Student: 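This is the structure I want to talk about, given as structure tokens.
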Amino acid sequence: MNTLERMVKAKIPSDETGIEIKRTICDICTPGPQCGVDAYIKDGLVIKVEGTAGFPTNNGALCTKGAANRQYIYREDRIRTPMRRVGDRGDGKYEPISWDDAFKAIAEGLNKTKSDYGAESVVFMTGYPKWYRPWLERLAYSFGSPNYITESSTCHRAEVMSWKLTYGVEMRPDIAGMPDLLVGWSCNPLVSAYPMGRNYYKYKEQGGKVVIIDPRRTPTAVQCADMYIRPRVGTDGYLANTVARLIVEKGWADMDFIESYTHGFNEYKDMLMTYSVEEAERITGVAAEDIEELARLIGTAKKAVVIPSNGLSHHSNGITTHRAVICLNALTGNVGKAGTFLPTFETFVDMLAGFHTREEEFRQEPFPKDAKPKIGSAKFPIWSEMVDEAQGMDLLRHWQTKDPYPIRAIYAHGVNNRMYPGSSLLLDMAKDMEFVVATDIFWTDFCKHADIVLPACTSFERSEVKCYNPGIIVYTSPTIEPLYESLDDVEIITRAARALNLDDELLCAGYDACVKYIYKDQDIDLDEVKAAGTLFKIPVDNPPDYLAGPINTSSGKIEFYSESIAKYKDSHGLNPLPAFEDGYDCPETEDLDMALITGGRITNAVHSRLHDVPWLRSLRPEPSADINPKDAEGLGIVQGDDIYIVTRKGRIKVKANISAISALGEVNFYHGYREANINEIIPADHLDPYSGFPGFKQIRCRVEKAEV
Amino acid sequence: MSKIFILDTEKCIGCSSCAIACMDQNDIEPYEGDIPFRVCFTVEQGSDKDSPFSYLTMACMHCEDAPCINSCPAGCLSKDMDTGFTVFDNNNCIGCHSCAMACPFAAPCFDKDGKMVKCDGCIDRVRAGLEPACVRVCPYDALQLVAKEDYEKEQKYKKAKILAYMAFDK
């Protein structure tokens, strides 16, 4: 090879090699940690990716998933053209049609359902990604339906609810402010959100002390924890309340703070006194001296942050557990000061960027005033009041019972039935609909149940405005042409709005006009930002003085005793105090003597969307369940054996991965696999009565060696 | 200046981003018969919450006295004087696997034509002033390429610090 050939092979960008770098954003995971990407382009194709140096989240690095963007965007099963169903729902027989014909069919189908059954009988649903969500929400409302449902019905919203119920606002730990102690309660940022993981490492390098509490022995527990506590799954609430009792008893509670800023301390304290270390040891499996040490560390630190994670809320006792954990911060006065918990708010599409936009107005403006109650309102009233979305976990019940009205059509972007417990029920529902539209990047099982299927493109093939903290904004341009006939999701929503003849001038005007409206109050020229293709700076709002108030709860104080929950104490049997409740789906039996934990992050997957990317799949080729070596020995299972995970809803066949990642008696398994869909065997009614969230992380099960 | 790859095992989480970046850089397709140049491992022992557990990433170690070089009857392997990387030209490779037998780290791989391929330290990227793909991607800066001289100096300093602390303790 001559030098030029070597440079081409090594993908060195230059005029001679014809390789050019264009910038975009990785859109594989959730918006918060999304990274800047340098796409290496030759002849209109992406030939390599790299993290963008100097980008706020990643500064040149990428995670395992992001590094595989090239194979992700060129996945074989990309939807290529708009399609119309010609066979039965589910059999995958489709014919290509033009975009015009597709939108004509959509307008006819949705408008007919509206006139036959009412606008609310059309559900607007979305899974990943999230960048187009404000547009989809607005489309639903302009159409006249209150039923906008996202995958946040099972993801992060319950955590936000818990913060708002207790503190009136979502709070974030100020790790850069160097608290003396960081307790990561079921936090695994080294795997789930590596920019946050880097903050943990930085904090440790500067002398910070880390405690990790997690039933799984995660990389964060291994590499970051000065003390690692492993409670039995779902018993965190008991542990937190026992720690709280010790803090109160030892006189470590910040009584001045409690007096001035909290509500319901006496009721909380009375409740705490029913918790004991002996009982905590029995329930949680954590040694008494570790519980006492944890209480001492939190109670005596000058500043400590007890950081919860989404995982705590993915239980049927999720909200109460999450509240029990975050109450420790108010109990010790670690709120509202540098190096403790500070209030935060969402700027645009889930991003916390330190300034306000008109996103909420944009989403909510056309909300149909006389609409019937959104899905989940009766069953999950707290969710309904606090979240601008219907609760998707009540969708299947609603459809089956037609209570209080029928659901007859679905308009979906990125929806995957495997996100739902009892997943195949969602496909059954799709089969029963009068009309289903599905937009996606790839052919999913859900798409194969739609009447019209539309091809969306990836972040590499479109533009997007994206903001980061503090006050950083970028407006990307496509790095390559959209593949096949795909369009970006917002363009699809815009054209659908026009085809539906909606009285919504702004939505019909398209993405660029909408973001200009949303960013109207910022002194920034978005055309200029887009043309430059680089990061721009926007002034951030002065951080509010949280303790100066008013605190946005019913009592105007931080609520140990939640008045918002108290309203539903009798009607829904909810507890205003963060008391520990059992989180299993059924009592333990001889048959079901182990605990199943699902959804805990692994490095090569995000939900189902990366299981079909060959590079990533090659890292863990078979769906594998982590089983403790002692359990494996007892069951006569060795590494790589075929095993069944059995719950009361059925069984799936997977491979055994023998590892102390799992505690004795617990099994960990990742979700989203087509050939081993764990959510299929999670009971659809195993839900948190406060948030509606599924108890993904605490199911009775057993493990059996599969006969060959 | 001679360079060496170092891995901070206290930061590595075995996430395999380095392995994926290597596949992207070198167009490696594991499902089409290619063997990845770089692989990550989790190594553990025992069943308790605090039993030994560690993460590793491995590719060619670019040994100073690389046994693969002498074992190759066709003279395909050599040392790059500038970087110290163990590089190859597999035109004359006869596919005898002698290099693989000699390598204590199982670094040499063989392509679909049976010819030896392996990590070349992204030498053409390094010559162009870029980092190796695996180093550039690492989310935790656990994997690094450093000048050998700097590394040795750093090690001496670390040892000196330990000695000094021991003296302070007394």
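A note on names: the letters A, B, ... follow the listed sequences, proteins ahead of strands, and every chain is numbered from 1. Note that the coordinates shown come from a computational prediction; the quantities given were computed from them, not determined experimentally.
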Student: Which answer fits B:Asn91, side chain, backbone, both or neither, if we ask what part of it has an atom under 4.5 Å from a heavy atom of chain A?
Tutor: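 For B:Asn91, no heavy atom lies under 4.5 Å from chain A.
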Student: Can you tell me if CD on B:Gln155 sees more than 12 non-hydrogen neighbours from other groups inside 6.0 Å?
Tutor: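 Counting other residues, nucleotides and ligands, CD of B:Gln155 exceeds 12 neighbours.
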Student: Which value, rounded to the nearest 0.5 Å, describes the distance between B:Glu44 atom CD and A:Arg217 atom CZ?
Tutor: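 Between atom CD of B:Glu44 and atom CZ of A:Arg217 there are 7.5 Å.
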Student: Should we count CE of A:Met1 as having more than 12 external heavy atoms under 6.0 Å?
Tutor: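 Check passes, neighbour count above 12.
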Student: Flag the pair A:Arg230 and B:Asp48 as a salt bridge only when some basic side-chain nitrogen lies within less than 4.0 angstrom of an acidic carboxylate oxygen.
Tutor: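 Judged by the 4.0 Å cut-off on N to carboxylate O distance, A:Arg230 and B:Asp48 do not form a salt bridge.
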Student: How about A:Glu76: does its CD atom have over 12 heavy atoms from other parts shown lying under 6.0 Å from it?
Tutor: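 Atom CD in A:Glu76 is not packed in, count stays at 12 or less.
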Student: If you count heavy-atom pairs under 4.5 Å with chain B, which of A:Ala663, A:Gly51, A:Ser659, A:Ala221 comes out on top?
Tutor: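 Greatest number of close heavy-atom pairs with chain B: A:Ser659.
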Student: Working to the nearest 0.5 angstrom, can you tell me the gap between B:Arg127 CZ and A:Ile12 CD1?
Tutor: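 These two atoms lie 10.5 Å from each other.
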Student: Taking every non-hydrogen pair under 4.5 Å, which of B:Cys122, B:Pro36, B:Pro30, B:Gly14 racks up the most with chain A?
Tutor: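 When all of B:Cys122, B:Pro36, B:Pro30, B:Gly14 are compared, B:Pro30 has the most.
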Student: Which atoms form the tightest heavy-atom contact between B:Arg136 and A:Asp38, and what is the distance?
Tutor: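 That closest heavy-atom pairing would be NH2-OD2, 4.3 Å.
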Student: Please flag which part of B:Cys138 lies under 4.5 Å from any non-hydrogen atom of chain A: side chain, backbone, both or neither.
Tutor: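 Only the backbone of B:Cys138 comes within 4.5 Å of chain A.
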Student: Does OH belonging to B:Tyr31 count more than 12 external heavy atoms closer than 6.0 Å?
Tutor: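 Counting neighbours around OH of B:Tyr31, more than 12 heavy atoms of other residues, nucleotides or ligands fall under 6.0 Å, so yes.
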Student: With a 4.5 angstrom heavy-atom cut-off, could you sort out which part of A:Glu633 is near chain B: side chain, backbone, both or neither?
Tutor: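 When you check distances to chain B, no heavy atom of A:Glu633 falls under 4.5 Å.
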Student: Who wins among A:Cys224, A:Pro629, A:Ser618, A:Ala53 for the most heavy-atom pairs under 4.5 Å with chain B?
Tutor: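 When all of A:Cys224, A:Pro629, A:Ser618, A:Ala53 are compared, A:Ser618 has the most.
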Student: Do B:Lys49 and A:Val286 touch side chain to side chain, with heavy atoms closer than 4.5 Å?
Tutor: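 Side chain of B:Lys49 against side chain of A:Val286, heavy atoms only: no contact under 4.5 Å found.
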Student: Can you confirm whether A:Gln223 sits close enough to B:Tyr140 that some side-chain heavy atom of one is under 4.5 Å from a side-chain heavy atom of the other?
Tutor: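 Counting from C-beta outward, A:Gln223 and B:Tyr140 never come under 4.5 Å.
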Student: In terms of heavy-atom pairs under 4.5 Å with chain A, which of B:Ala21, B:Ser51, B:Gly46, B:Cys40 leads?
Tutor: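 The candidate making the most pairs under 4.5 Å is B:Ser51.
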Student: With a 4.5 angstrom heavy-atom cut-off, is it the side chain or the backbone of B:Phe53 that approaches chain A, or both, or neither?
Tutor: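 For B:Phe53, the contact with chain A is made by backbone and side chain together.
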Student: Do you know which of B:Asp24, B:Asn26, B:Ile13, B:Thr9 has the most heavy-atom pairs with chain A at a distance under 4.5 angstrom?
Tutor: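 Ranked by heavy-atom pairs under 4.5 Å with chain A, first place is B:Asp24.
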Student: In Å and rounded to the nearest 0.5 Å, what is the OG to CG distance from B:Ser17 to A:Leu619?
Tutor: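 Reported value, rounded in 0.5 Å steps: 10.0 Å.
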Student: Check whether any side-chain N or O of B:Asp124 sits under 3.5 Å from a backbone N or O of A:Met7 as a donor-acceptor pair, and report yes or no.
Tutor: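 No, B:Asp124 side chain to A:Met7 backbone: no donor-acceptor pair under 3.5 Å.
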Student: In sequence, state the C-alpha distance, the side-chain angles, and the governing distance for B:Leu130 and A:Lys11, and then conclude on side-chain contact (heavy atoms from CB on, under 4.5 Å).
Tutor: CA-CA 11 Å; B:Leu130 304 168; A:Lys11 305 179 181 177; over 6 Å; no
Student: Taking CD in B:Glu149 as the centre, count heavy atoms belonging to other residues, nucleotides or ligands within less than 6.0 Å. Is the count above 12?
Tutor: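 No, CD of B:Glu149 has 12 or fewer neighbouring heavy atoms, counting only those of other groups under 6.0 Å.
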Student: State which residue, out of A:Leu616, A:Val49, A:Asn69, fulfils the side chain to side chain contact (heavy atoms under 4.5 Å, CB included) condition with B:Ile20.
Tutor: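 Going through A:Leu616, A:Val49, A:Asn69 one by one, the side chain to side chain contact (heavy atoms under 4.5 Å, CB included) with B:Ile20 is satisfied by A:Leu616 alone.
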Student: For B:Gln25 and A:Lys48, run side chain to side chain donor-acceptor pair (under 3.5 Å): C-alpha distance rounded to whole Å, both residues' side-chain angles, the deciding distance at 0.1 Å, then the answer.
Tutor: CA-CA 6 Å; B:Gln25 175 67 44; A:Lys48 172 184 163 64; 2.9 Å; yes
Student: Taking only Lys NZ, Arg NE, NH1 and NH2, and the carboxylate oxygens of Asp or Glu, determine whether B:Glu10 and A:Lys204 approach each other closer than 4.0 Å.
Tutor: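 Salt bridge between B:Glu10 and A:Lys204, a charged N being under 4.0 Å from a carboxylate O: no.
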Student: With a 3.5 Å distance limit and no angle check, can you tell me whether A:Trp615 reaches the backbone of B:Ile28 through a side-chain donor-acceptor pair?
Tutor: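 A pair under 3.5 Å: yes.
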Student: Using heavy-atom distances under 4.5 Å, tell me whether A:Asn657 contacts chain B through its side chain, its backbone, both, or neither.
Tutor: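 For A:Asn657, no heavy atom lies under 4.5 Å from chain B.
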Student: Could you tell me if the side chain of B:Glu131 sits less than 4.5 Å from the side chain of A:Glu50, heavy atoms only?
Tutor: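 A:Glu50 does not reach B:Glu131 side chain to side chain.
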Student: Measure B:Ser54 against the heavy atoms of chain A and call it side chain, backbone, both or neither at under 4.5 Å.
Tutor: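 For B:Ser54, neither part sits under 4.5 Å from chain A.
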Student: Give the intermediate values and the outcome of side-chain contact (heavy atoms from CB on, under 4.5 Å) for residues A:Arg70 and B:Met23.
Tutor: CA-CA 11 Å; A:Arg70 173 157 70 100; B:Met23 294 183 202; over 6 Å; no
Student: Can you tell me how far NZ of B:Lys11 sits from CG of A:Leu190, rounded to the nearest 0.5 angstrom?
Tutor: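 Going from the CG atom of A:Leu190 to the NZ atom of B:Lys11 covers 11.0 Å.
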Student: Would you say NZ of B:Lys159 has more than 12 non-hydrogen atoms from neighbouring residues, nucleotides or ligands within 6.0 angstrom?
Tutor: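 Check fails, neighbour count at 12 or below.
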Student: Can you tell me if CD on B:Glu64 sees more than 12 non-hydrogen neighbours from other groups inside 6.0 Å?
Tutor: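 Count not over threshold, so no.
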Student: Would you indicate whether B:Lys115, at its atom NZ, is surrounded by more than 12 heavy atoms from other residues, nucleotides or ligands within a distance under 6.0 Å?
Tutor: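 Counting neighbours around NZ of B:Lys115, more than 12 heavy atoms of other residues, nucleotides or ligands fall under 6.0 Å, so yes.
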Student: Is A:Ile602 close to chain B through its backbone or its side chain, or both, or neither, when contacts mean heavy atoms under 4.5 Å?
Tutor: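 Nothing of A:Ile602, per the 4.5 Å heavy-atom cut-off to chain B.
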Student: Please classify the contact of A:Ala632 with chain B as side chain, backbone, both or neither, using a heavy-atom distance under 4.5 Å.
Tutor: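 It is neither, since no heavy atom gets under 4.5 Å.
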Student: What are the residues of residues 194-202 of chain A, in order of number, with any heavy atom under 4.5 angstrom from a heavy atom of chain B?
Tutor: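 Residues A:Tyr194, A:Gly197, A:Arg198, A:Tyr201 are the ones that qualify, each having a heavy atom under 4.5 Å from chain B.
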Student: Please report the shortest heavy-atom distance between B:Tyr55 and A:Pro219, naming the atom on each side.
Tutor: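 Heavy atoms only, the tightest pair is OH-CA, 3.1 Å.
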